[in-house]
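Written out below as structure tokens is the structure these notes cover.
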Amino acid sequence: MDTTKTDRRRKENRSEESRKAQTAAAVAASKQSRKTPREKGRENELKVLRWLADWGFTSPLLLSKLVGSQSVRRIEKNGLIDRVETGSVYYPTLYRLSNVGLQFATELVDIDAEDRYDEIDISRIRLDKARHELTAQHLTLDNKGGFFPNTTWLVGDHWTERQFADLFSDDEGNPIYAKNAKLPDVVWTVTDMGDDECETLKIAVEIELTKKGSIEPNSKTRYKLDQFIFRVLNSIKPDKVDRYIIASRNEGILGSYQNAMTPGRTYRTWEKDKRGHWQPDKEIIVPDFAATKIIYHHITDDGRRL
């Protein structure tokens, strides 16, 4: 078999797929530019309604990145979103859906929005988790704009925690996400254009602002780290996710996780004894796929403007 011809055909196929993708993007951009201001305004309304139905709440800065500051002001003026004053220096104002906005979100973009939108009760907004949630949204918007440079991945949709029941279920609606798998903060879908055939991948993203457990073998919190490792590795399966991104602003946290999940290292499963104390059970070797299927991403912003 002539490997040179085979390699050339593969390159030509990839080039053709890339050309088609670029053409499709150009056509979409052209159609976008021909939209009337009214059409563009309605489109931005739908984007905001879906974003808040998916995430629960967001910040003015992130909404401005999504649709532009003028659109945010207009959508707020139209009564589709409400402001929430937090008292925080770093995110003094958050947005959530108003009652009318939730009605529109349920009718126009998500038939399940009303059932799972707890934030219509303002007391249900977890301000203690706001930085974590806003960071996940920030990375997702970056993902849309090219989170994966120097790759052949074309980004697609995203799924938040409240949508996982839809994403990880069979045709009859039964959950397929195992109890011992690590539910991530968000899942991105991407199309891998690098092979002869396009492939859709599910990329899990876990935001780690603080470290789970100590790497020291005899530490009292070692069980937390081992449980994290076990659940992440158990998540990387065809019916769950294809890659796992661990993202943190602290490079030391990322280094600690990468060290603990280096192929060939060992970790343990843990069980509680009769007194409720965690005790080590089985010792397991980190598999080889951890080197390529777990991605460690350093978040370069300081989290002060989200």
Side-chain angles (χ1 to χ4, degrees), residues 56 88-91 118 124-139 160-162 164 168 175-187 203-237 240-241 243-304 306:
S88 169
V89 174
Y90 303 118
Y91 43 90
D118 294 336
R124 299 295 295 274
I125 296 179
R126 292 282 305 274
L127 294 179
D128 60 320
K129 293 187 65 179
R131 284 189 67 248
H132 182 276
E133 299 299 309
L134 294 176
T135 298
Q137 294 181 41
H138 165 64
L139 288 187
T160 64
E161 287 186 77
R162 68 188 69 202
F164 288 163
F168 299 115
I176 61 173
Y177 214 93
K179 181 178 68 173
N180 288 327
K182 181 73 179 72
L183 280 170
D185 296 309
V186 62
V187 173
I203 312 294
V205 184
E206 179 72 15
I207 310 298
E208 289 294 290
L209 301 184
T210 57
K211 185 169 63 174
K212 290 181 173 68
S214 170
I215 197 171
E216 296 300 323
N218 298 320
S219 169
K220 292 181 179 179
T221 61
R222 175 69 204 214
Y223 76 92
K224 294 182 179 180
L225 178 60
D226 282 340
Q227 286 176 337
F228 180 83
I229 295 170
F230 174 70
R231 288 168 180 167
V232 167
L233 293 174
N234 198 42
S235 298
I236 305 173
K237 294 181 178 179
K240 299 182 180 69
V241 298
R243 304 284 190 280
Y244 216 103
I245 294 176
I246 300 174
S248 179
R249 294 187 176 90
N250 188 314
E251 291 186 87
I253 290 177
L254 293 176
S256 177
Y257 282 137
Q258 190 166 11
N259 183 29
M261 286 190 272
T262 298
R265 296 294 298 268
T266 60
Y267 66 97
R268 289 175 172 175
T269 58
W270 294 72
E271 299 287 345
K272 283 188 175 181
D273 61 20
K274 295 180 180 180
R275 296 177 297 172
H277 297 158
W278 287 105
Q279 299 296 331
D281 185 22
K282 299 176 183 177
E283 189 170 82
I284 304 175
I285 298 175
V286 176
D288 291 342
F289 71 73
T292 56
K293 295 196 173 184
I294 301 176
I295 301 166
Y296 302 90
H297 174 69
H298 180 223
I299 307 170
T300 55
D301 68 82
D302 63 6
R304 294 175 184 269
L306 291 171

Does the [X] side chain pair with the main chain of [Y], one donor and one acceptor, at a distance under 3.5 Å?
X	Y	result
T269	K282	yes
T221	S214	yes
S235	R231	yes
S219	E216	no
Y223	G213	no

Determine whether [X] and [Y] make a side-chain contact, defined as any pair of heavy atoms from C-beta on separated by less than 4.5 Å.
X	Y	result
D226	Y267	yes
F228	K182	yes
I236	F289	yes
V205	P184	no
T262	V286	no
S248	H298	no

Can you list the residues that meet the salt bridge (charged side-chain N to carboxylate O under 4.0 Å, His left out) rule with R268, with sequence neighbours excluded?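 Only E283 meet the salt bridge (charged side-chain N to carboxylate O under 4.0 Å, His left out) criterion with R268.
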Would you be so kind as to tabulate the donor-acceptor pairs closer than 3.5 Å made by side chains of residues 127-139, with sequence neighbours excluded?
| residue | atom | partner | partner atom | Å |
| --- | --- | --- | --- | --- |
| D128 | OD1 | R126 | NE | 2.9 |
| D128 | OD2 | R126 | NH2 | 2.8 |
| H132 | NE2 | D185 | OD2 | 3.3 |
| H132 | NE2 | I207 | O | 3.2 |
| T135 | OG1 | R131 | O | 2.7 |
| T135 | OG1 | R249 | NH1 | 3.3 |
| T135 | OG1 | R249 | NH2 | 3.0 |
| Q137 | OE1 | W51 | NE1 | 2.9 |
| Q137 | OE1 | T58 | OG1 | 2.6 |
| Q137 | NE2 | F57 | O | 2.7 |
| H138 | NE2 | D301 | OD2 | 3.1 |

Just wondering, are more than 12 heavy atoms of other shown residues or ligands nearer than 6.0 Å to NZ in K212?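 Enclosed.
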Tell me, yes or no, whether the heavy-atom count around Q279 atom CD, taken from other residues, nucleotides or ligands under 6.0 Å, exceeds 12.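 Yes - once you tally the heavy atoms of other residues, nucleotides and ligands closer than 6.0 Å, there are more than 12.
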Heavy-atom closest pair, residues A204 and V241: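 The answer is CB-CG1, 3.8 Å.
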